[in-house]
Undergrad: 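Quick one: the structure is below, and I'll ask about it shortly.
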Amino acid sequence: MKGKDKMAKIRIIGESIPNLPWQERPAGASVPVWRHTGNPIIGRNPVPGVARIFNSAVVPYRGGFIGVFRGETVNGRPHLYLGCSDDGLNWNIGPDRIRFEDEKGKPYQPSYAYDPRLVKIGDSYYIVWCTDFQGACLALAKTDDFKTFIRLENPLLPFNRNGVLFPKKINGKYRILSRPSDGGHTPFGDVFISESPDLTYWGNHRHVMSKGGAGWWQNLKIGAGAVPIETSEGWLLFYHGVTQTCTGYVYSMGAVILDLDEPSRVKYRCGEFLLTPETWYEERGFVPNVVFPCAAPADADTGRIAIYYGCADTYVGVAYTDIETVTGYIKSHSEIIDGDGDIGRI
Ligand code: BMA
């Protein structure tokens, strides 16, 4: 590698978010990702009728932030709620569930809804979440104003979870990451990608990445997390990896860089987790030992990234990194599992 290439700065290709939440890495720390000191940013019983909010997605909106939140209601069923914030940390969450309609304006409410991801593509915003479609599967809705939410056709067949849309078309096609699953707590699973010309018809399915590797933290299953960040090096994806212990699953966060033109191809993948349950709000809650990233807004001007993640199926936390730190760490700890570096068509 030439000296000049070695020094080339990695850029985020995206918007400026000057008010993105941010704290510097603690003095003396060398970790690639660090927690917001005010975590959790959303505590228990945040809204009447909602016992816990976690695994939720946030985007910048009109100079502030807007989010779609997974609220576990007081009868234990998950639904989606809307929230807004000036600073991305203090949230005002509406007391009513998001009301969905179909393309003819008829109510089209999911019987349950969890793990939303939120993405802006062009001038519209899209929500992908896990819904009931004769079993757990992915749902898709569109909004232009966060007042009217139109459900589109469910993109894939059951069972499937962890659906994440890319923020733009790649070579003329929308792309969605997903994790084919089972009807229960799924003791297996890899990340796949599918493409569509119109968000209705999906095909050209490819395998993106496998569970496993030399380490054990992601040896049971993996699932896409935040909307991928476009960078000069590739698509930066924060995802979750799961291991099984004698008392249950442990969810950690990892990161991978996918090829810009052919995102079924892994370029670099961190063999180590970037965040694992260590604090009381990650270790203790409705489901202990869970960190579950769902959003990572990034500021193209400074390279700063704020990662929103669910903590122990009970709280929302924020963690920080910057593009140079995290890509440097991924590349210097990269481990590509057999076959993941190709296009994923067997
Ligand atoms: C997964 C999903 C997530 C949850 C995790 C840990 O299967 O249901 O919503 O955070 O389990 O319970």
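Just so we're clear, the structure is a prediction, and the values are computed from it rather than from any experiment. Just so you know, ligand 1 is whichever comes first in the structure, and atom 1 is the first atom listed for that ligand.
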Undergrad: Parallel, tilted or perpendicular for Phe146 and Tyr125, by the 30°/60° rule?
TA: tilted
Undergrad: I'd like the residue list for ligand 1, meaning every protein residue with a non-hydrogen atom under 4.0 Å from the ligand.
TA: Asn55, Arg70, Tyr114, Asp115, Tyr251, Val287, Val290, Phe292, Asp313
Undergrad: Could Arg11 and Glu230 be called an ion pair, given the rule that one side-chain N must be under 4.0 Å from one carboxylate O?
TA: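 Glu230 and Arg11: not salt-bridged.
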Undergrad: Taking the basic N atoms (NZ, or NE/NH1/NH2) and the acidic carboxylate oxygens, is any pair closer than 4.0 Å for Lys331 and Glu233?
TA: yes
Undergrad: Do NZ/NE/NH1/NH2 and the carboxylate oxygens of Arg269 and Asp340 come within less than 4.0 Å?
TA: yes
Undergrad: So Trp235 and Ile170, do their side chains get closer than 4.5 Å, heavy atoms only?
TA: yes
Undergrad: What residue pairs, at least two apart or across chains, pass salt bridge (Lys or Arg N to Asp or Glu O under 4.0 Å) with a residue in residues 77-88?
TA: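 Passing the test, one end in residues 77-88: no pairs.
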